[in-house]
Amino acid sequence: MTDLMTELSDDDLLGNVEDTASANKILEGLNDSQEQAVSAPLSNMLVIAGAGTGKTRVLVSRIAWLIKKEQIQPRNILAVTFTNKAAGEMRDRIALMAGEIVEKQLWASTFHSICLRLLRNYARYAGLEPNFTVLDSDSQTTLIKRIMKEFEFDIKELKPSDVASRISKLKEQGIRAPAYATRGKRFDDPDYEKISRIYTAYERICNQENSADFSELLLRTVELLEVNDEVRNLQHRRFKEILVDEFQDTNSIQYRFLKLMTAPTSHIMVVGDDDQSIYGWRGADYTNMKKFLNDFKDVKEYLLALNYRSSQKILDIANTLIAKNTDRLMEKVLKANNGTGETVKILNCANNNYEADIVGKTIAKLHQEEGIKYRDIAILYRNNYLSLGFEQSLSNCRIPFIIYGGQKFFDRAEILDALAYLRLLVNEDDDTAAMRVINVPARKIGPKVVADLRAICEERSCSMIKAIKLLSAYVQQDGADKTLKTLYKKVEPFYQLINYLKENKAQKSLSELVDLTIQASGLQEMYALKDTKEGKSGEDNSRVSNLGVLVSNVKDFEIAFAKEKEDGVLKDENALITDDPLLTYLSNITLVSTSELDEEGKNSSENVADAVNMMTIHASKGLEFKYVFLVGFENTILPSKRSLEFGGKQLTEERRLAYVGITRAKQDLYITYSQNRSLFGSTNTTGASPFLREVVKAYNSSQEKPYAIIPINYQTMD
DNA sequence: ATGTTCCTTCTTTTT
DNA sequence: GAAGGAACAT
């Protein structure tokens with residue numbers, strides 16, 4: 001492990017000297033409670049920060065403070081976030097405040113990419129080969145489907161995607177297949193037997209294929225840190241100050257990870273807001289905030305409640321709404337620093353067509369008459385599919401817009417096909433990838449041939465590519481079995497394609513290789529044919545142009561990768577020990593949310609186009625906009641149908657989600673709902689969200705209401 | 001083995 | 001209103 005030691009040893013690139021002047025500058029413009037948190041003496045800290053109270057600012061300023069005032073080396077700091085968006089924003093702001101050198105030296109990224117980085121470093125200690133591939137959720141489900149078919153389980157009765165999320169949940173609780181097999185009965189689950197068998201097989205196959213899914217990255221890192229004192233101590237020696245953003249969203253395995261990473265002599269500062277916990281469905285547990293107080297030594301508490309974002313009327317509604325939640329850790333009433341502001345407009349629309357229409361027209365008016373920039377406007381919704389009507393309406397009004405999330409670029413079939421080929425080039429044991437593309441485009445390899453090939457895999461306990469390799473050697477011998485000879489003939493073209501690409505991998509640049517893969521595999525041709533058949537002409541969103549976008553995305557990455565290698569400092573996301581750009585690229589894109597790409601394949605942060613922002617409320621967390629249209633604020637949508645059925649915890653999370661949506665608005669908030677909504681062909685009566693009724697009821701007898709209800713093509717209001 | 005057509009199913013939220 | 005699956009024909 002000596003090479004690891006040198007990699008992690010101290011280097012004094014920065015020779016820091018305490019700089020009182022610039023340390024004081026950090027505190028400029030902070031209010032008292034912010035300043036207290038930023039300039040607090042070294043200690044474990046819990047910062048409870050309401051929406052819009054300058055949470056990120058405090059976090060970033062604290063990092064700058066640690067470096068300037070406490071003389072902590074940037075490389076001894078670890079900043080953890082939940083989403084890539086948050087990580088990116090934090091890095092940008094650190095670079096701005098403390099300089100690019102600092103930004104490059106400290107680790108600021110998501111739980112998943114930190115764990116990926118550690119695992120690449122210590123792969124062998126964690127039972128992985130260093131070139132392991134990260135399984136995206138699509139591949140995960142496909143693999144589970146494959147297992148279920150082998151067991152002859154009914155995939156209608158028990159859906160593979162359900163099983164996938166169940167297994168992920170188990171991993172997030174730290175429960176491995178053997179543990180589940182023995183303890184599972186207690187979970188009182190009718191599908192227990194099946195899940196247990198699938199889980200066991202799934203674990204075995206992932207190990208064979210040298211791949212890890214998302215939750216595996218966390219679990220395996222935690223297990224490694226628990227078992228391996230040396231690796232853990234290395235982390236302890238390195239990370240003196242750990243900072244965690246959006247702490248309310250941590251799940252149990254992430255919490256364990258933080259505990260393991262924090263040395264007794266190190267400090268950890270967590271920042272969060274229990275009222276903004278909206279990932280409970282994914283195992284997030286905001287009571288970790290309470291637990292934190294007990295589990296860590298001498299935790300100092302700080303509270304930020306002065307809101308810099310929204311006007312008071314918006315906050316009044318937000319406060320009134322969230323006050324209805326009974327399971328809050330702490331009652332916070334946000335106070336505005338920005339004055340009373342405009343009345344919140346609640347638009348009661350007859351149906352979703354009127355709703356989409358009025359939103360489009362209102363935005364057009366704001367832009368034309370008041371000169372509001374499109375980019376200062378956001379449309380937020382509960383579910384991705386709600387965006388459709390607004391897309392049409394905005395197009396009709398000739399309003400430019402960007403949709404974040406939605407149909408994900410890297411989830412498209414054509415992209416996944418191309419990536420499967422590429423995965424095989426770095427990890428030939430990745431049978432999930434092989435299964436996907438062995439007959440794509442069609443190579444006359446049907447279920448029969450695949451079954452025969454897999455039989456060999458079973459017998460030799462090896463991967464498909466390796467099995468073909470064995471075959472190719474075998475059939476050269478005299479008197480080779482005839483059926484095996486014909487089997488080889490069938491798979492030979494595929495095998496030679498992979499070999500051909502592998503040969504080129506060493507010689508060609510990454511983007512050339514990707515281009516070659518798309519061409520030589522025949523994917524390009526196949527999708528071109530499909531496009532023309534479906535009448536999709538060249539430009540607009542055709543599959544072929546998506547493949548082109550992939551190549552240009554790879555080109556961008558290639559340039560960045562080369563530059564960072566030259567700089568000698570690898571930036572966080574790319575910071576893998578490997579020299580293989582393809583492996584690095586593949587790992588990155590599975591972890592980096594695809595919504596960060598627009599249709600040109602560029603990072604949207606570079607996109608300066610003036611356009612209305614459209615996204616889910618979940619995606620909007622941490623962001624703010626001058627004008628917010630919170631649409632589809634309806635019964636069975638927000639709160640969702642499901643949460644209404646389950647009630648309790650699910651309902652309070654929906655209320656928090658509504659709260660997050662409302663508190664995104666700085667200046668003007670429009671809440672819209674429809675009485676009737678047509679969806680998937682049929683029309684349903686929805687009407688105002690019960691959350692809205694709560695708020696209206698609370699102001700029933702009040703003279704001055706912070707809102708006005710405006711009927712849109714509808715006579716009565718209820 | 002492949003391509004067609006018809007059918008069902010499914011619609012949270014994300015790493 | 002799309003995407004995946006089953007059933008069928010070639």
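Reminder, nothing fancy here: chain letters follow the sequence lines and each chain counts from 1.
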Carboxylate-amine/guanidinium proximity below 4.0 Å for R677(A) and E355(A): yes
Value in whole Å for how far the P atom of dT13(B) lies from CG of L386(A): 9 Å
K156(A) NZ to dC7(B) C1', straight-line distance once rounded to whole Å: 9 Å
Spacing between D154(A) atom CG and dT9(B) atom P, to the nearest angstrom: 11 Å
Whole-Å distance separating the CG atom of L218(A) from the P atom of dT14(B): 18 Å
Whole-Å gap separating C1' (dT15(B)) and CD1 (I253(A)): 14 Å
Pair R328(A) + D274(A), salt bridge at N-O below 4.0 Å: no
side-chain N/O K145(A) vs dG5(C) OP1/OP2, d < 4.0 Å: yes
F390(A) ring center within less than 6.0 Å of F629(A) ring center: no
Under-4.0 Å side-chain N/O to phosphate OP1/OP2 contact, T616(A) with dT14(B): yes
Sugar-phosphate only, base, or nothing, as touched by F214(A) at under 4.0 Å among non-hydrogen atoms: base
Candidates dT15(B), dA1(B), dT14(B) - which lies nearest the side chain of K444(A): dA1(B)
Between Y286(A) and D327(A), a side-chain donor and acceptor under 3.5 Å: yes
Whole angstrom value for the distance that separates P of dT15(B) from CG of D245(A): 14 Å
Sugar-phosphate, base or nothing in reach of R656(A), heavy atoms under 4.0 Å: nothing
Name the atoms and distances for all side-chain donor-acceptor pairs under 3.5 Å in residues 145-161 of chain A, with sequence neighbours left out.
unit_1	atom_1	unit_2	atom_2	d
R146(A)	NH2	E209(A)	OE2	3.3
D154(A)	OD1	K156(A)	N	2.9

Residue mapping more 5' on DNA chain B - nearest nucleotide basis, A442(A) or F82(A): A442(A)
Nearest-nucleotide pick for R282(A), side chain only, options being dT15(B), dA1(B), dT13(B): dT15(B)
Sugar-phosphate only, base, or nothing, as touched by K159(A) at under 4.0 Å among non-hydrogen atoms: sugar-phosphate
Nucleotide dT14(B), atom P - distance to CE of M615(A) in whole Å: 11 Å
Closest-nucleotide 5' rank along DNA chain C - winner of L388(A) and A413(A): L388(A)
Ring-base stacking, F111(A) with dT15(B) (5.5 Å, 30° cut-offs): no
Atom-to-atom span, CG of N439(A) to P of dG3(B) - whole angstrom: 9 Å
